[in-house]
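Structure first, then comments.
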Amino acid sequence: MILPPYARGEWIVQESNAPTVSFRSVQAASANVVWVGGTKGTCLRTTDGGHTWQARPVRGAEMLDFRGLAVMNSHTAILVSAGQAELGQARIYRTVDGGETWDLVFQTPQKGIFLDGTAFWDQRHGIVFGDPIDGKWVLLTTADGGVSWQRIAAEVPVMLPKEAAFAASNSSISVRNKTNVWIASGGSERARMFYSSDRGLKWKVIETPMPSGATAGIFGIRFWDSAHGIGVGGDHQRTEEPSDNVILTHDGGRTWQKSAPTDPTGLKEAVVVLPEGDLLAVGPSGTSLSRDQGRSWQRVDALPLHAAACAQGRCWAVGGKGVIARWQ
């Protein structure tokens, strides 16, 4: 059964004034302060709950794609560029003045490095990860709020041929409490979850039943308590193709089981938890709603979206063609 909009909520599209930008990252610092990042080196911020959006341009980054984003408050944010390092695209920027100015805090020309996403445990401790080199994730950590970044030599289980992460929406990484972190993979014969309990120094790997392949795997992870979490995915070359695109855990990520696929079907890139505990899964084929923690799904709409975030009871999502939307 499809619920009427007044019973389930709906996305209200905002005026971004960026119709040629594909937004790939969104983070909310509060109910009123939200940051988004995307192609053409674009960063926008609202401080009034989406009534107005201001460009926060990053000088010299006009050709970059900001798919990684972490925000601490209305003034401090981190942007991570996804792209080939040898082309100058593996960069991390930081602002402490609301985006009036940005500092380039990390860049590497090392061939093969491609940064996928970032997450912070607290105001000072964060992690950035990238596709593997020599069979190991590229991992950077900070202990000073992103002012400096250090590459760590982590103990990572052997990765599969062509296994990597999808830099789709900054959602294939998830942190919890003070030290736990998960990274979801795809691109190979199996989709897996990598887990560390010590901020990325030592890792375990968990098999999942999510279908995987060269362009398929897990795209988004979300935990809503210490035991329960969800992974969503699909195939970014076949964004509307039906598949078993939802997996659930009930034991803190130690094991994962298939669940009912979303409606609409197809690729899902990110999940958020609504204030009342319902789940929203977003992707290029539209948004799906679950009122039972991912066991079943109801169609919301067909609005193409890539990333989503919530804070203090308000949720936001972004997509291509300059789309920014608020859940109402």
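Just the heavy atoms: all of them, side chains too, but no hydrogens, waters or symmetry mates, feed the values below.
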Counting C-beta onward and ignoring hydrogens, is there a side-chain heavy-atom pair between [X] and [Y] closer than 4.5 Å?
{"X": "Leu44", "Y": "Ser16", "value": "yes"}
{"X": "Lys268", "Y": "Ser288", "value": "yes"}
{"X": "Ile78", "Y": "Ile92", "value": "yes"}
{"X": "Ile230", "Y": "Leu279", "value": "yes"}
{"X": "Phe23", "Y": "Thr39", "value": "no"}
{"X": "Asn170", "Y": "Asp116", "value": "no"}
{"X": "Pro109", "Y": "Glu86", "value": "no"}
{"X": "Asn180", "Y": "Tyr195", "value": "yes"}

For the residue pair Phe194 and Trp182, is the inter-centroid distance of their aromatic rings smaller than 6.0 Å?
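No: the rings miss the under 6.0 Å criterion.
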Might you point out which heavy atoms bring [X] and [Y] nearest each other, and give the distance in Å?
{"X": "Phe66", "Y": "Ala61", "value": "CZ-CB, 3.8 Å"}
{"X": "Ala191", "Y": "Ser185", "value": "CB-O, 3.6 Å"}
{"X": "Gly294", "Y": "Ser259", "value": "O-OG, 2.6 Å"}
{"X": "Thr46", "Y": "Thr52", "value": "OG1-O, 2.8 Å"}
{"X": "Leu274", "Y": "Cys315", "value": "CD2-SG, 3.7 Å"}
{"X": "Trp297", "Y": "Pro261", "value": "CD1-O, 3.5 Å"}

Main-chain N/O of [Y] paired to [X] side chain as donor or acceptor, under 3.5 Å:
{"X": "Thr118", "Y": "Ile127", "result": "yes"}
{"X": "Asn245", "Y": "Gly266", "result": "yes"}
{"X": "Ser81", "Y": "Gln89", "result": "yes"}
{"X": "Arg45", "Y": "Ser74", "result": "yes"}
{"X": "Ser169", "Y": "Ala270", "result": "no"}
{"X": "Thr142", "Y": "Ser148", "result": "yes"}

Salt bridge flag under 4.0 Å for residues [X] and [Y]:
{"X": "Glu100", "Y": "Arg56", "result": "yes"}
{"X": "Glu207", "Y": "Arg190", "result": "yes"}
{"X": "Asp65", "Y": "Arg67", "result": "yes"}

Please walk me through it: do Asp144 and Val105 pass side-chain contact (heavy atoms from CB on, under 4.5 Å)?
CA-CA 12 Å; Asp144 55 16; Val105 293; over 6 Å; no
Quick one: do Arg94 and Asp103 satisfy salt bridge (Lys or Arg N to Asp or Glu O under 4.0 Å)? Show the steps, please.
CA-CA 5 Å; Arg94 181 176 187 264; Asp103 294 323; 5.7 Å; no
Checking [Y] against [X]: is there a side-chain donor and acceptor pair closer than 3.5 Å?
{"X": "Thr20", "Y": "Lys321", "value": "no"}
{"X": "Asn32", "Y": "Ser30", "value": "no"}
{"X": "Ser243", "Y": "Glu241", "value": "no"}
{"X": "Thr141", "Y": "Gln150", "value": "no"}
{"X": "Asp292", "Y": "Ser290", "value": "yes"}

Do you reckon [X] sits in the same ILVMFWY cluster as [Y], going by side-chain contacts under 4.5 Å, direct or chained?
{"X": "Ile221", "Y": "Val175", "answer": "no"}
{"X": "Leu104", "Y": "Phe114", "answer": "no"}
{"X": "Val273", "Y": "Val246", "answer": "yes"}
{"X": "Val205", "Y": "Leu201", "answer": "yes"}
{"X": "Leu140", "Y": "Trp102", "answer": "no"}

Atom [atom1] in [X], atom [atom2] in [Y]: separation rounded to 0.5 Å?
{"X": "Phe106", "Y": "Arg151", "atom1": "CZ", "atom2": "CZ", "result": "8.0 Å"}
{"X": "Lys202", "Y": "Ser196", "atom1": "NZ", "atom2": "OG", "result": "10.0 Å"}
{"X": "Ser172", "Y": "Ile218", "atom1": "OG", "atom2": "CD1", "result": "9.5 Å"}
{"X": "His75", "Y": "Thr47", "atom1": "NE2", "atom2": "OG1", "result": "9.5 Å"}
{"X": "Asp263", "Y": "Gln298", "atom1": "CG", "atom2": "CD", "result": "9.0 Å"}
{"X": "Asn73", "Y": "Trp35", "atom1": "CG", "atom2": "CH2", "result": "8.0 Å"}

Could you check whether atom CD of Glu240 has more than 12 heavy atoms from other residues, nucleotides or ligands sitting under 6.0 Å from it?
no
So which pairs with a foot in residues 210-225 pass side chain to side chain donor-acceptor pair (under 3.5 Å), sequence neighbours left out?
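For residues 210-225: Thr215-Asp235, Asp225-His228.
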Where do Trp53 and Gln14 land on the side-chain contact (heavy atoms from CB on, under 4.5 Å) test, with the steps shown first?
CA-CA 9 Å; Trp53 291 86; Gln14 313 287 289; 3.7 Å; yes
Are Thr255 and Gln257 close enough, and set up right, to give a side-chain hydrogen bond (donor to acceptor under 3.5 Å, both in side chains), and what steps lead you there?
CA-CA 7 Å; Thr255 61; Gln257 300 81 38; 3.1 Å; yes
Please lay out, stage by stage, how Phe129 and Leu115 fare under the test side-chain contact (heavy atoms from CB on, under 4.5 Å).
CA-CA 6 Å; Phe129 83 103; Leu115 303 180; over 6 Å; no
Could you walk me through whether Asp122 and Arg124 satisfy the salt bridge (Lys or Arg N to Asp or Glu O under 4.0 Å) test, starting with their C-alpha distance in whole Å, then the side-chain angles of each, then the deciding distance to 0.1 Å, before giving a yes or no?
CA-CA 6 Å; Asp122 54 42; Arg124 298 186 61 81; over 6 Å; no
Step by step, work out the salt bridge (Lys or Arg N to Asp or Glu O under 4.0 Å) result for Arg24 and Glu269.
CA-CA 10 Å; Arg24 291 287 187 156; Glu269 296 182 27; 3.8 Å; yes
Check the pair Val36, Cys43 against side-chain contact (heavy atoms from CB on, under 4.5 Å), reporting the backbone distance first and the verdict last.
CA-CA 6 Å; Val36 301; Cys43 177; over 6 Å; no
Full working for ring-ring contact (aromatic ring centres under 6.0 Å, His included) between His236 and Phe166:
CA-CA 9 Å; His236 71 76; Phe166 296 107; 5.7 Å; yes
Thr287: partners by side chain to side chain contact (heavy atoms under 4.5 Å, CB included), with sequence neighbours left out
Trp11, Leu280, Val282, Val300, Asp301, Leu305
